[in-house]
Amino acid sequence: MAKLASAFVSRLVIIIPYAWLLFFFLIPFFIVFRISLSQTAVAMPPYMPVFDLAGGLSGIAQKLREFSLDNYVWLTEDALYFNAYVSSVVIAAISTFLTLLIGYPIAYGMAKAPRSLRPTLLMMVILPFWTSFLIRVYAWIAILKPEGLLNQFLSTLGLIDQPLIILNTNWAIYIGIVYSYLPFMVLPIYSALEKMDLSLTEAAQDLGCTPAAAFWRVTFPLSLPGVVAGCLLVFIPAVGEFVIPDLLGGSETLMIGKTLWSEFNSNRDWPVSSAVAIILLMILVIPIVYFQNIQAKADGEGR
Amino acid sequence: MSKLIVATLTAAVLAGSTMLASAQERVVNVYNWSDYIDDSILADFTKETGIKVVYDVFDSNEILETKLLAGGSGYDVVVPTAYFLQRQIAAGVFQKLDKSKLPNLSNMWDMVMERTAQYDPGNEYAVDYMWGTTGIGYNVDKMKEILGTDEKPNWDVIFDPEISAKFKDCGIHLLDSPTDIMPSALAYLGLNPDSHEQADLEKAADLLMKVRPNIRKFHSSEYINALANGDICLAVGFSGDIFQARDRAAEANAGVTVDYSIPEQGAQMWFDMLAIPADAPHVAEAHEFINYMMKPEVIAKASNYVFYANGNKASQQFLDKEVLEDTAIYPSDAVMEKLFTTTPFEAKEQRVLTRLWTRIVTGQ
């Protein structure tokens with residue numbers, strides 16, 4: 001009996017993540033994919049054909065023939081979409097790199113801090129989440145605008161005599177993304193570094209490594225899973241980011257989130273915006289799969 | 001012990017009766033623009049009719065439209081702009097109003113009804129709540145400093161590249177909405193503001209490309225704060241939003257004065273309409289609510305609060321002087337003749353328009 005129960009539990013443990021994937025990834029994915037094969041219409045919902053079971057099997061077959069890949073062809077015909085994808089990926093990549101540059105030393109410092117201090121430091125990293133994300137992004141407008149806090153501060157110090165124009169440029173977007181996603185970078189790196197056996201660096205130094213060399217040859221490679229996890233946690237949402245470029249960026253910044261918004265809302269073209277979303281997903285799946293591979297490899301070596 | 005049982009039973013009976021009461025309670029679910037009503041109107045409505053108002057707000061036609069097109073929104077009364085209403089009617093989103101339940105329709109203003117009938121022939125699906133214009137919000141002191149005149153600005157300050165260049169450093173915001181900006185540009189050029197011809201739209205786009213370097217940002221709501229805080233000098237936006245900016249600037253008392261101008265070359269008029277979704281759960285209550293909003297005293301109270309003109313002729317005697325006599329809210333007859341309305345773009349035309357707009361805004 002107990003055996004049966006434990007078998008059930010262990011099976012449940014496997015089922016839960018798959019059920020999660022099914023309900024929150026695969027089913028929504030197929031709904032969006034199906035819409036992307038339709039065409040717009042003045043109707044409720046605003047596309048044709050709508051897939052339903054009313055017509056029976058022959059009805060379904062009939063509707064399947066009406067679906068087409070036209071929307072995907074359309075995306076290749078106008079350079080706008082390609083440019084938007086490229087520019088989103090570039091902005092996300094630069095932001096991720098900057099986040100890593102700032103996040104790694106923070107995580108390193110936290111992991112090296114006295115054990116009694118760590119919970120406090122951890123709390124401080126998480127604390128900003130207690131304020132609404134939107135309010136924090138709005139706060140950056142007040143900081144970065146031409147008469148904002150930053151410019152006032154710099155001009156009081158006499159460092160600048162003309163206000164720096166940061167708001168409504170790509171720099172404001174980088175600042176916004178780095179600020180908003182920093183905890184997602186710090187936490188996985190911190191957890192990788194914290195688990196690390198300190199005697200390894202000691203051994204490296206005993207064997208003649210300089211501290212810098214010990215860091216690059218021992219500490220950094222061991223923290224790599226954390227670095228990769230952090231980078232993906234920043235890069236993936238940053239590619240599709242809409243709020244930060246909308247509020248902090250300039251009008252000329254082209255990002256796929258904004259393109260998707262205008263397809264969906266201005267053009268009322270749910271099918272084309274669905275196609276844009278599916279392609280975006282494909283772009284993101286590649287790094288996820290890559291990450292999975294690295295993770296699997298790391299786990300394999302760990303054993 | 002027996003006391004306890006009695007108490008429990010009484011509690012249970014009481015709970016049961018309140019549940020019954022709530023089952024019979026009449027409700028109307030209203031979905032309106034944010035900051036668009038005096039809350040006491042809703043309380044008065046409940047007092048008078050016993051119908052509870054569940055009030056919810058949105059901040060863009062697109063958000064409302066997406067909910068309506070998806071269906072099953074659960075709302076009984078919604079407030080789309082007439083321009084959007086027209087295609088939503090075509091999509092089958094709304095039900096016809098039962099005019100026998102709306103005796104207060106007699107209070108409405110023909111001037112507005114004639115214009116809204118362009119979107120909804122016979123005004124069968126909706127009645128006007130408020131209306132306004134798309135014009136220029138400006139920082140009064142900076143305007144005087146830069147142009148050296150007290151005159152209210154017209155489209156020249158936006159669309160004449162040499163004049164708008166003078167405002168570049170001070171900051172200009174335009175609505176991120178081709179359906180609002182392109183007709184204004186066409187009006188400046190002296191073309192038909194409601195043109196859907198690609199050639200005309202290209203001309204308007206060329207004009208906008210010339211002034212593009214002088215525009216700091218295209219955004220549909222940020223200008224309210226930006227104007228009020230003195231971060232920008234000029235914005236093309238909705239009249240009521242700019243009045244909000246004017247009031248916020250006055251409240252902050254930080255030396256910023258904002259005012260609104262209806263450009264003399266002509267400006268777009270828009271109408272926010274009360275309508276009932278086809279799948280509304282409380283149709284009778286929705287009619288009672290709309291009828292109540294057409295009472296002259298009630299809608300006057302709303303206008304006095306939000307500083308928008310309404311479509312109710314009989315309400316004008318109840319309006320505050322500062323609302324009725326403000327020509328930015330109730331324009332003079334001469335200006336009224338210059339106001340124009342626009343009609344929606346079909347899906348293909350809309351695509352052309354959005355593409356032109358993306359080119360203007362992003363340079364792509």
Side-chain angles (χ1 to χ4, degrees), chain A residues 31 35 39-48 50 71 74 77-87 137-138 141-142 144-148 151 162-163 165 167-169 172 245-256 258-259 261-273, chain B residues 60-66 68-73 84 86-94 169-171 173-174 176-179 212-213 215-222 225-226 229-232 277-279 344-348 350-355 357-364:
Chain A
I31 293 173
I35 297 176
Q39 297 299 322
T40 46
V42 180
M44 271 174 83
Y47 52 86
M48 294 275 279
V50 178
N71 295 317
W74 166 261
E77 282 169 355
D78 191 334
L80 172 73
Y81 302 98
F82 180 75
N83 292 341
Y85 283 120
V86 170
S87 123
V137 176
Y138 267 109
I141 297 181
L144 297 177
K145 67 183 185 180
E147 306 82 24
N151 276 314
Q162 279 278 318
I165 300 292
L167 189 63
N168 299 339
T169 66
D246 186 53
L247 291 177
L248 300 179
S251 296
E252 63 285 340
T253 309
L254 194 63
M255 279 188 84
I256 202 66
K258 175 84 185 159
T259 309
W261 192 96
S262 73
E263 282 299 338
F264 195 81
N265 289 311
S266 305
N267 288 345
R268 274 166 300 136
D269 199 332
W270 292 20
V272 165
S273 56
Chain B
S60 80
N61 269 306
E62 284 83 5
I63 302 286
L64 171 65
E65 183 167 78
T66 304
L68 290 173
L69 288 175
S73 66
F84 287 80
Q86 181 169 12
R87 63 193 192 202
Q88 287 159 2
I89 291 173
V93 166
F94 297 114
D169 293 336
C170 194
H173 274 202
L174 299 190
D176 187 7
S177 158
T179 51
R212 176 69 186 89
I215 310 297
R216 186 176 296 168
K217 191 162 186 179
F218 292 84
H219 200 276
S220 294
S221 58
E222 221 177 287
N225 275 325
N229 296 341
D231 297 338
I232 58 171
D279 53 3
F345 284 68
E346 281 168 28
K348 269 189 189 155
Q350 178 74 42
R351 192 161 270 298
V352 171
L353 183 70
T354 308
R355 190 65 189 85
W357 189 248
T358 308
R359 187 172 308 146
I360 293 164
V361 172
T362 65
Q364 292 272 350

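Chain A is the first sequence line, chain B the second, and so forth, proteins listed ahead of strands; every chain is numbered from 1.
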Novice: Measure distances from B:Glu222 to the heavy atoms of chain A and classify the residue's part below 4.5 Å as side chain, backbone, both or neither.
Specialist: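 Contact with chain A is through the side chain of B:Glu222 alone.
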Novice: Is there a side-chain contact between B:Arg351 and A:Thr40, using heavy atoms and a 4.5 Å cut-off?
Specialist: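 No, too far: nothing below the 4.5 Å cut-off.
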Novice: So for A:Asp246, is it side chain, backbone, both, or neither that comes closer than 4.5 Å to the heavy atoms of chain B?
Specialist: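 Its backbone and side chain both get close to chain B.
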Novice: Is the number of heavy atoms from other residues, nucleotides or ligands under 6.0 Å of A:Glu77 CD greater than 12?
Specialist: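 Above 12, so yes.
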Novice: What's the shortest heavy-atom distance between A:Gly249 and B:Lys217, and which atoms?
Specialist: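 Heavy-atom minimum between the residues: O-NZ, 3.2 Å.
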Novice: Shortest non-hydrogen contact from A:Glu147 to B:Asp231?
Specialist: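 That closest heavy-atom pairing would be OE1-OD1, 3.2 Å.
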Novice: On a heavy-atom basis, which atom in B:Ala91 and which in A:Val42 lie closest, and how many Å separate them?
Specialist: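 That would be N-CG1, 3.6 Å.
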Novice: CE of A:Met44 to CG of B:Leu69: how many Å apart, nearest 0.5 Å?
Specialist: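 Here the interatomic distance stands at 7.0 Å.
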Novice: Any idea which heavy atoms bring A:Ser251 and B:Phe218 closest together, and the distance?
Specialist: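 Scanning both residues, the minimum pair turns out to be OG-N, 2.6 Å.
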Novice: Using a 4.5 Å cut-off on heavy atoms from C-beta on, say whether the side chain of A:Asp269 contacts that of B:Gln350.
Specialist: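 They are not in side-chain contact.
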Novice: Considering only heavy atoms, which portion of B:Leu68 lies under 4.5 Å from any heavy atom of chain A: side chain, backbone, both, or neither?
Specialist: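 The backbone, not the side chain.
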Novice: Restricting to non-hydrogen atoms, name the atom on A:Lys145 and the atom on B:Asn229 that form the minimum distance, rounded to 0.1 Å.
Specialist: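 For A:Lys145 versus B:Asn229, the nearest heavy atoms are NZ-ND2, 3.9 Å.
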Novice: Would you compute the distance between atom OG1 of B:Thr362 and atom CG of A:Leu254 and round it to the nearest 0.5 angstrom?
Specialist: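 CG of A:Leu254 is found 5.0 Å from OG1 of B:Thr362.
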Novice: With only heavy atoms counted, which part of B:Arg212 is less than 4.5 Å from chain A, the side chain, the backbone, both or neither?
Specialist: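 Looking at B:Arg212, just its side chain touches chain A.
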Novice: Could you tell me which portion of B:Thr358 (side chain, backbone, both or neither) has an atom closer than 4.5 angstrom to a non-hydrogen atom of chain A?
Specialist: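 The side chain, not the backbone.
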Novice: Do you know which of B:His219, B:Arg359, B:Arg216 has the most heavy-atom pairs under 4.5 Å to chain A?
Specialist: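 With the most close heavy-atom pairs to chain A, the winner is B:His219.
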Novice: Please round to the nearest 0.5 Å and tell me the distance separating atom CZ of A:Arg268 and atom CZ of B:Phe84.
Specialist: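 These two atoms lie 8.0 Å from each other.
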Novice: With a 4.5 angstrom heavy-atom cut-off, is it the side chain or the backbone of B:Asn61 that approaches chain A, or both, or neither?
Specialist: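 Neither part, no heavy atoms under 4.5 Å.
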Novice: Do NZ/NE/NH1/NH2 and the carboxylate oxygens of A:Lys258 and B:Asp176 come within less than 4.0 Å?
Specialist: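 B:Asp176 and A:Lys258: salt-bridged.
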Novice: Let me know if A:Asn168 has heavy atoms under 4.5 Å from chain B in its side chain, its backbone, both or neither.
Specialist: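 For A:Asn168, the side chain is the part near chain B, not the backbone.
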Novice: Give, for atom CG of A:Asn265 and atom CD1 of B:Ile63, the distance between the pair rounded to the nearest 0.5 Å.
Specialist: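 Spacing of CG (A:Asn265) from CD1 (B:Ile63) equals 6.0 Å.
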